Amino acid sequence: MTSIISICNLALASIGKDSINALSEPTVEAPACNRLFAPARDALLQAYPWRFAGRTRSLAEIENDRPGEWAYAYDRPVDCLAIRGIRSTLDVKGDASVGGVFSGGASTSAAGMPMTPRAA
């Protein structure tokens, strides 16, 4: 597996800068890599529906603070970067259940259906 340091060193080499050995080095390059790596990684993960980066999870229903606008409201897991899709699921009895993957805040369904999101 490629390390954060090796990825940063590839980026630094492409712009003609010196390589680093740790993100905590007292150089100009290390703090810049430390500051920019996570946002760049997250942007790339959101830009394409990478199969390795997707999950489907069950969602916890939360209090709906906009009942006139939404039929349901669900909590979003903090590790979600982007929502790829929403689908309702049925359990073995045929009852609708809720599932999916999200990130921070509340997710709601205007259609009034429980939902199973798939996200990055």
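Computed from a predicted structure; not experimentally measured.
- We find the SG-CD1 distance between C33 and I7 to be 10.5 Å, quoted to the nearest 0.5 Å.
- One finds the CG atom of L45 at 5.5 Å from the CZ atom of F52 (value rounded to the nearest 0.5 Å).
- Counting heavy atoms from C-beta outward, R66 and N64 have side chains that approach closer than 4.5 Å.
- Once rounded to the nearest 0.5 Å, the distance linking OG of S19 with CD of E25 reads 8.0 Å.
- Of all heavy-atom pairs between A73 and E63, the closest is CB-O, 4.0 Å.
- Cluster membership for L12 and L10, using ILVMFWY side-chain heavy atoms within less than 4.5 angstrom, is not shared.
- In this structure, CG in D18 is found 8.5 Å from OG1 in T27, a value given to the nearest 0.5 Å.
- Below 30°, between 30° and 60°, or above 60°: for Y72 and Y74 the angle between ring planes is below 30°, a parallel geometry.
- The shortest distance between side-chain heavy atoms of I5 and N21 does not fall below 4.5 Å.
- I20 and L36 fall into different hydrophobic clusters, defined by Ile, Leu, Val, Met, Phe, Trp and Tyr side-chain heavy atoms under 4.5 Å apart, directly or through other members.
- For the side chain to side chain contact (heavy atoms under 4.5 Å, CB included) test, no residue two or more places apart in sequence or in another chain qualifies with A11.
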